[in-house]
Engineer: 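This is the structure I have questions about; it appears just below.
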Amino acid sequence: MNNTDVPIWERYTLTIEEASKYFRIGENKLRKLAQENNGSSWVIMNGNRMQIKRKQFEKIIDKSDAI
């Protein structure tokens, strides 16, 4: 099974590129947010690749007025 077998809305983690498309946030903006919040509950490192925990980031967005 590869990443294309699991729909993006069912994945636990997303790459910066996937999260950018899913949340409709610019890739550079999302990468900057993730770097500034490295170590928070919604950012995880997979080797040297930064990934976004989808459900945790959805909670952050739900509470935000602006990004």
Side-chain angles (χ1 to χ4, degrees):
M1 180 183 267
N2 61 37
N3 272 348
T4 58
D5 294 338
V6 179
I8 197 166
W9 59 88
E10 291 183 6
R11 294 187 195 160
Y12 183 73
T13 62
L14 304 172
T15 64
I16 296 290
E17 296 83 10
E18 291 168 337
S20 172
K21 291 176 186 173
Y22 182 79
F23 292 108
R24 296 180 184 224
I25 298 172
E27 201 173 306
N28 290 338
K29 176 74 169 185
L30 186 56
R31 189 176 310 281
K32 182 179 177 185
L33 281 171
Q35 288 171 346
E36 290 173 352
N37 292 282
N38 195 2
S40 68
S41 66
W42 57 273
V43 177
I44 189 169
M45 293 302 292
N46 183 3
N48 64 350
R49 290 190 64 164
M50 190 172 283
Q51 293 191 305
I52 305 299
K53 294 180 183 178
R54 184 183 52 81
K55 289 183 180 181
Q56 285 86 341
F57 193 62
E58 284 175 351
K59 290 176 186 176
I60 299 296
I61 288 179
D62 285 345
K63 294 177 185 175
S64 299
D65 294 330
I67 291 186

Engineer: Nearest 0.5 Å please: distance from the CG atom of Leu14 over to the CE atom of Met50.
Structural biologist: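 The CG atom of Leu14 sits 14.0 Å away from the CE atom of Met50.
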Engineer: Would you check if the side chain of Ser20 reaches a backbone N or O of Ile25 as a donor-acceptor pair within less than 3.5 Å?
Structural biologist: yes
Engineer: Does a side chain donor of either Glu58 or Tyr22 reach within less than 3.5 Å of an acceptor in the other side chain?
Structural biologist: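 Checked: Glu58/Tyr22 side chains pair up, N/O donor to acceptor below 3.5 Å.
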Engineer: Say you draw a straight line from OG of Ser40 to CG of Asn38; how long is it, rounded to the nearest 0.5 Å?
Structural biologist: 7.5 Å
Engineer: Classify the ring geometry between Trp42 and Phe57 as parallel (under 30°), tilted (30 to 60°) or perpendicular (over 60°).
Structural biologist: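 Plane angle between 30° and 60°, so tilted.
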Engineer: Please check if the number of heavy atoms outside Asn28 that lie under 6.0 Å from its CG is greater than 12.
Structural biologist: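 Count not over threshold, so no.
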Engineer: Report yes if some heavy atom in the side chain of Ile67 is under 4.5 Å from a heavy atom in the side chain of Leu33; otherwise report no.
Structural biologist: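 A side-chain contact exists here, since the closest heavy-atom pair is under 4.5 Å.
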Engineer: Spell out, yes or no, whether Phe23 and Tyr12 are grouped together once hydrophobic residues are joined by side-chain heavy atoms under 4.5 Å, including indirect joins.
Structural biologist: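 Per the 4.5 Å side-chain linkage, Phe23 and Tyr12 are not co-clustered.
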Engineer: Look at Glu17 together with Arg31 and state whether they make a salt bridge at an N to O cut-off of under 4.0 Å.
Structural biologist: yes
Engineer: Of the options Arg49, Arg11, Arg54, Arg24, which is the one that meets Glu18 in a salt bridge (Lys or Arg N to Asp or Glu O under 4.0 Å)?
Structural biologist: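 Answer to the salt bridge (Lys or Arg N to Asp or Glu O under 4.0 Å) test with Glu18 among Arg49, Arg11, Arg54, Arg24: Arg11.
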Engineer: Spell out, yes or no, whether Ile44 and Ile8 are grouped together once hydrophobic residues are joined by side-chain heavy atoms under 4.5 Å, including indirect joins.
Structural biologist: no
Engineer: Drop me the distance from Lys21's NZ to Thr15's OG1, to the nearest 0.5 angstrom.
Structural biologist: 8.0 Å
Engineer: Can you name the closest pair of heavy atoms from Ile16 and Leu30 and give their distance?
Structural biologist: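 Heavy atoms of Ile16 and Leu30 come nearest at O-CD2, 3.7 Å.
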